[in-house]
Structures are given as C-alpha cells and as structure tokens.
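First comes the structure, then the notes that go with it.
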Amino acid sequence: MKPFDELRHSWQRRSPAGKLPWRQVVPGVVVLGLVVGARLLGLFQGLELKMLDQLLRWRPAEATDERVLIVSIDEADIQRLGTYPVPDGVLAELLQTLAVHRPRAVGIDIYRDMAVEPGHAALVETLATLPYAIAIENILSNPPVAGPAYLPPEQVGFVDFPQDDDGFVRRVLLGSPNAVGEFRFSLALRLAETYLQAEGLTLENGLRDPWAMRFGATEFSQISPHAGGYVRTDAGGHQVLLNGRSGPQPFRRVSLQQVLDGSVDPTWIEDAIVLVGITSSSAKDFLNSVAVAVDSPGLVYGVVMQAHATSQLVSAVLDDRPLLRPWPDGLEYLWIVLWGGVGTVLIWGVRSPSWYLLTMGLIGLGLVGVSFGLLWLGGWWIPLVPTLVVFSVNGLVLPGFYLYDQTLRSSIAERQQIIDQTYSAIHNGPLQTLALLLREAEPASWAEARPRLERLNQELRDIRESLPAAAPPESEAIPLHEQLWNTYTATLARGEQDFPGLRSLKLKVVTFEPLSTLGLSADDRQGLCQFLEEALLNVGKHGVNVTRLTVVCQATDTENLIQVIDNGQGPYSLNTSPAGTGWGTRQAKQLAQRLNGQFKREFSSAGTCCELRWPLVVQRRLGFRGLT
C-alpha cells in the first residue's frame with residue numbers, strides 16, 4: 001500500500017467508530033489556533049488589506065456615473081493662466097459659467113482659506129449666490145486648514161481621508177469633531193446631501209443603527225476598529241469603507257479651459273455633481289490607493305478620490321449599489337475554523353495524491369471565487385488570507401508530518417516483527433532441542449554440564465528481552481549516558497558470574513557524563529550501548545589477571561568518547577597485530593564510520609585500551625547541520 005493510502009486508511013484500523021485519530025487532529029487544531037491568534041494580533045492585516053485591493057481591482061468595469069463631472073485644472077490650464085495658485089477671479093468665472101447650466105451641487109476641492117488675488121471680491125460675491133457650492137477645509141492636519149470664513153458651515157466640508165499603516169486610503173471619513181470639538185461633515189457627504197435634497201431625501205439618524213447616518217432607507221454605519229482585516233485601527237469619527245467605482249472611466253472629466261470656452265455638453269453639467277480640483281502633478285494633490293484604477297498606479301488625485309467617495313454615497317441611496325461591509329467577528333472566525341477543519345480532515349476522504357492535490361487546488365480557487373463574488377455582488381468583505389493559510393497548511397503541510405509519523409510507525413512495526421520472528425526461530429529451533437536434551441539427560445553423567453546448560457537455556461530464553469525494544473515515537477528516550485550506565489551495570493552483573501576476566505576485578509574506575517546526542521538516531525544509540533557491552537565482555541573473555549577496569553563515557557568541547565581500559569594481558573603477543581576481523585570489531589568499525597568517528601583497540605604491556613570517538617554535531621545557520 002502506498003504511504004498516502006496507508007495514511008488515509010490507518011485511522012480506520014486504529015480508531016473506533018471511524019473517528020479521526022487524535023495524533024492527526026491535534027496538529028491541525030494547533031495550526032488553527034496559531035492562525036486565529038496571529039489574526040487577532042494583526043499579523044495578517046497587511047496581507048488582508050492588499051488582498052482587498054486586489055479583489056476590488058478584479059471587478060468588471062462599471063458604467064460611468066453620469067451624475068458626477070470632474071473639472072480638472074491640469075498642467076496645461078496652469079501654464080495657460082501663467083500663475084499658481086489659481087486666482088479667485090478664475091474660480092469665480094468658472095462657477096458663473098457652471099451656474100448657467102444649473103448643476104445640483106458643486107464642490108471646490110481647492111483651499112481658499114486666504115484670498116488669492118485678483119478677483120477675491122468676485123469669488124465672494126459669486127459664492128454668496130450659489131448655496132449648492134461647497135468649499136473645503138482640513139480638520140486633521142497639524143495645523144488644520146480652515147474653510148473660507150465668508151461661507152456658512154453648511155457650505156464647507158473637510159477633505160481628510162484616514163490612511164492605513166501602509167499609507168493607502170481604504171476608508172472614507174464622513175464626519176468627525178475638529179480640533180475645538182465641533183462636529184464637521186466631509187465634502188463628499190455635503191455634496192451627496194445637497195444632491196439628494198432634490199430627491200426629497202435628507203440626512204437623518206439610522207433606524208436599525210441609531211449611530212448610523214441615513215438617507216431614506218440606506219444607512220451608513222460606522223466601522224469598528226476590528227472591521228474585516230483591520231486590528232485595532234483608528235476608527236474615530238464616522239468612517240465607512242471606500243468602495244470606489246471600478247473601470248477605466250468611472251466619471252466624465254473635462255478641463256478648466258473646456259468649461260470656460262463653452263465646449264462642454266451642457267447636459268453633462270445639468271443636475272450633476274461637479275467637482276473642481278487640481279490634477280497637475282506639480283501641485284502634488286495625491287492620495288495612495290491601489291483599488292482605484294488610475295493612469296499612475298497607486299496615485300489618485302484628491303479631486304478624483306472625492307468623486308469616488310461622493311458617487312459611493314449617492315449610488316448606494318439611489319441605485320442600491322452595495323456598500324463594503326465586513327462580517328460580524330464571530331462569523332469571520334467561524335469561517336476560518338470551518339476551512340481549517342476541512343483542510344485537516346480532507347485527506348481522509350480522497351483516495352489518491354493526484355486527486356487530493358486537485359481537490360486542494362479547486363477548493364483554494366473556490367475560496368477565492370466565493371470571496372470575490374461576495375465582494376462584487378454584495379459588498380461583503382470576508383477573511384480570505386487567514387482562511388487560505390489555515391486551509392493550505394492543514395491540507396498540504398500537515399499531511400507531510402502525518403506521512404512521516406505513519407512511515408516511522410510502520411518502520412517500528414516492521415522492526416518489532418523482525419525481532420519477534422528472530423526470537424521465534426530461536427525458540428522453535430535450539431531452545432526446543434536444548435529443552436529436550438535437558439529432560440533426557442541423566443543427572444549422574446551431566447552433573448557438571450547440567451548447571452551450565454540450565455544457564456544457557458535461560459540465556460537463550462532471555463534473548464527476547466535483551467533485543468532492542470522499539471519505543472513509541474512520542475516517548476522521550478532516557479539520556480544516553482544513563483543508557484550506557486545501565487548497559488555497564490547489566491553487563492558486569494552477568495559477566496562476573498561466568499567470565500574470568502571480570503571475576504578477578506579489584507578496582508573499577510568509571511566516569512559517565514552527559515554526551516551530545518544531536519544527530520544520533522535510535523539505532524546509533526543502540527549501537528553505542530552494544531559497543532560498550534562488547535568491549536566489557538572482551539575484557540572478561542580475553543583479559544588475563546585483570547584487577548583494574550577503567551570505563552570513561554564523556555564529551556569534550558569537540559568530541560564524544562567511550563573508552564574501556566583494563567590492566568590485563570590479552571591473548572595476543574605484543575609483537576603481532578590482532579586480525580580484528582571478529583563480529584564485534586566489524587560492528588564497531590561500521591558504527592565509527594556512520595558517526596564520522598574513529599574506533600581503536602591498542603594492546604600494550606600495561607593492558608588493553610578499546611575506544612570509540614566521534615565528533616560533535618552542531619547546528620549551523622539557515623537550518624543546516626555540520627560537524628565541529
């Protein structure tokens with residue numbers, strides 16, 4: 001069975017009633033908790049705002065809003081006038097020309113807190129006859145910029161836009177207290193209010209939401225500091241999300257000179273909202289917005305942004321154009337949890353890796369499509385980035401860990417099976433023969449051999465317990481130096497009974513200190529214990545007149561060391577070299593090679609030294625491991 005299928009089917013073998021195994025569910029729950037926590041901390045805010053911009057740009061182009069006309073004073077107009085700022089007399093002439101064609105509202109998106117001669121008196125006189133003309137102020141700058149002192153408050157609107165941490169505009173401020181605590185309204189709201197009065201609609205408090213602003217049945221509720229992807233944003237004043245009009249030509253646009261020359265179709269002006277503003281790059285009246293389609297990516301003229309804000313209000317009231325609005329917080333996090341759960345359990349229902357990846361891809365695209373559709377058709381801003389993250393991690397990354405866990409468990413099971421089969425072969429072969437021999441032996445003829453055969457019988461039966469046991473992956477292995485100490489004590493307890501080299505010991509000098517286990521596998525640790533056991537038994541088998549045994553297990557700054565030294569004389573002459581071809585020697589050399597270390601056995605008149613050294617493994621930067 002393939003690993004993927006093994007993973008998918010394993011829970012059916014291990015879990016009752018078809019329940020998912022907790023080992024596979026817990027990591028998914030942990031990832032889900034981390035994603036939810038990261039969103040609560042605002043770690044996804046930047047990505048969510050960028051995704052909102054992208055979804056808004058993907059919308060199909062909308063029809064041009066013919067209720068709004070932009071009169072742009074561009075660089076050519078300024079060069080033609082030969083001066084900047086635009087004189088008051090030119091603005092007065094422009095307003096008088098527009099008034100002939102009876103617009104419903106005119107917004108002058110040019111600061112006039114001070115007179116700009118010539119023509120100041122003409123501008124004051126003209127504005128006094130145009131109650132639908134709205135001038136501007138700035139209430140959030142430091143210092144603020146006041147509106148024209150000769151106009152009443154209802155003919156002045158502020159042009160401040162709240163900006164996000166990245167400097168981009170995604171919200172519209174409809175009303176806010178100024179520096180002295182007076183509640184002021186924005187230019188967009190003043191223009192919408194003036195335009196909608198002709199429709200019999202006035203600005204009132206909301207019915208469903210008493211804190212909302214309302215025209216007719218349409219309410220503009222203020223957003224919270226945690227609206228949508230925002231986390232602890234400054235939601236002071238009355239703010240709504242900006243839903244700019246999509247498409248390359250959202251509004252009609254003419255130049256100052258075209259209006260003064262009379263070359264503009266009068267029907268474009270009649271009953272329209274006319275916005276007058278600077279569109280010259282030298283004036284630097286820009287706002288940053290990616291969601292609004294403009295010629296210069298990310299840079300939107302202030303007057304164009306005011307047109308989008310005004311059109312948004314009027315279109316919502318008269319055309320039922322959707323307002324951007326987030327889901328309630330509880331529903332947002334329920335959505336994230338739902339798809340995090342789908343990513344966790346999806347693997348149990350798909351039969352092959354190719355179908356699984358295809359399903360993952362289709363669901364991911366479906367999430368993007370649902371988010372886009374809800375935003376486009378209903379104005380709903382739902383959490384897409386954290387949903388995709390938790391779904392992808394639980395659906396693509398965690399199965400890798402599950403496969404590793406399953407492969408590890410299968411390997412352990414196979415190893416355990418080999419151990420059981422080995423012991424079964426011993427039990428069913430030599431043990432049975434030996435047991436029969438013991439039963440048939442005559443006590444008189446076997447007086448000396450019988451105790452040894454009894455011990456041999458018991459040792460063969462103890463092989464099952466002495467073979468390396470397979471520990472479950474979740475259990476913590478005891479420290480290596482403690483494993484080695486246990487091997488040392490068990491070997492001496494057994495060897496002192498039968499091995500003459502160990503029975504004659506008078507002095508034991510032992511040092512067992514913590515060793516570095518970084519990079520060691522379970523098989524490596526078992527091999528080190530077997531190396532120590534083999535070295536001790538060699539002392540018992542080959543040592544002559546051994547009275548002192550020194551065992552050292554410790555780590556230096558650069559390497560680990562296991563050393564066994566005795567003071568006996570081995571079976572080899574000092575003038576000859578040992579062959580070193582026994583099973584234990586071969587195993588020790590293979591272990592040293594696997595650990596990039598050195599194995600050494602030395603014979604001298606002072607005794608025998610058997611040691612294994614291997615370098616420490618250290619963690620390198622960028623996640624790589626190397627040797628010291």
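Note that the numbering runs from 1 along the sequence shown for the chain. All values below come from the heavy atoms of this structure, side chains included, with hydrogens, waters and symmetry mates left out. All of these numbers come straight from a predicted model, not from anything done at the bench.
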Problem set entry | Contact summary for Asp65 and Ser311, nearest pair of heavy atoms | OD2-OG, 2.5 Å

Problem set entry | Gap separating the CG atom of Leu32 from the CD1 atom of Ile336, nearest 0.5 angstrom | 8.5 Å

Problem set entry | Ring-face cation contact, Tyr333 with Arg39, 6.0 Å cut, 45° max | yes

Problem set entry | Modelled atom types, side-chain donor and acceptor of Gln249 and Thr64, under 3.5 Å | no

Problem set entry | Distance (rounded to the nearest 0.5 Å) between Arg232 CZ and His226 NE2 | 6.5 Å

For this session: Run the ring-centre check on His238 versus Phe185 and record whether the distance is less than 6.0 Å.
Result: no

Exercise. For Arg67 and Ser315, does a side-chain donor sit closer than 3.5 Å to a side-chain acceptor?
Worked result: yes

Exercise. Can Arg325 be said to sit on top of Trp381's aromatic six-ring, NZ or CZ under 6.0 Å from centre and within 45° of the ring axis?
Worked result: no

Exercise. What's the shortest heavy-atom distance between Val35 and Phe44, and which atoms?
Worked result: O-CE1, 3.6 Å

For this session: Rounded to the nearest 0.5 Å, what's the gap from CZ on Arg104 to CD1 on Ile269? Could you check?
Result: 15.0 Å

Seminar exercise, completed: Taking every heavy atom of Ile136 against every heavy atom of Val156, the minimum-distance pair comes out as C-CG1, 4.1 Å

Exercise. Taking NZ, NE, NH1 and NH2 as the nitrogens, is one of them in Arg80 or Asp77 under 4.0 Å from a carboxylate oxygen of the other?
Worked result: yes

Problem set entry | CA sep, side-chain torsions, deciding dist, call: Asp166, Lys50, salt bridge (charged side-chain N to carboxylate O under 4.0 Å, His left out) | CA-CA 10 Å; Asp166 57 4; Lys50 295 296 184 184; 3.6 Å; yes

For this session: Please confirm whether Arg171 makes a cation-pi placement over Tyr230, using NZ or CZ under 6.0 Å from the six-membered ring centre and within 45° of the ring normal.
Result: yes

Exercise. Quick one: CD1 on Ile134 to CG on Leu151, what's the gap to the nearest 0.5 Å?
Worked result: 8.5 Å

For this session: Considering non-hydrogen atoms only, spot the tightest contact between Val304 and Phe251 and give its length.
Result: O-CE1, 4.4 Å

For this session: With rounding to the nearest 0.5 Å, note down the distance linking CG in Leu56 to CG in Leu241.
Result: 9.5 Å

Problem set entry | Salt bridge flag under 4.0 Å for residues Asp209 and Arg214 | no

For this session: Classify the side-chain pair Asp74/Ser72 by whether it contains a donor and acceptor separated by less than 3.5 Å.
Result: no

Exercise. Roughly how far apart are Gln257 CD and Ser263 OG, rounded to 0.5 Å?
Worked result: 8.0 Å

For this session: State, to 0.1 Å, how close Leu140 and Ser176 come at their nearest heavy-atom pair, and which atoms those are.
Result: CD2-OG, 4.5 Å

Seminar exercise, completed: Closest non-hydrogen atoms of Asp160 and Leu173, given as atom of the first, atom of the second and distance, are O-CB, 4.0 Å

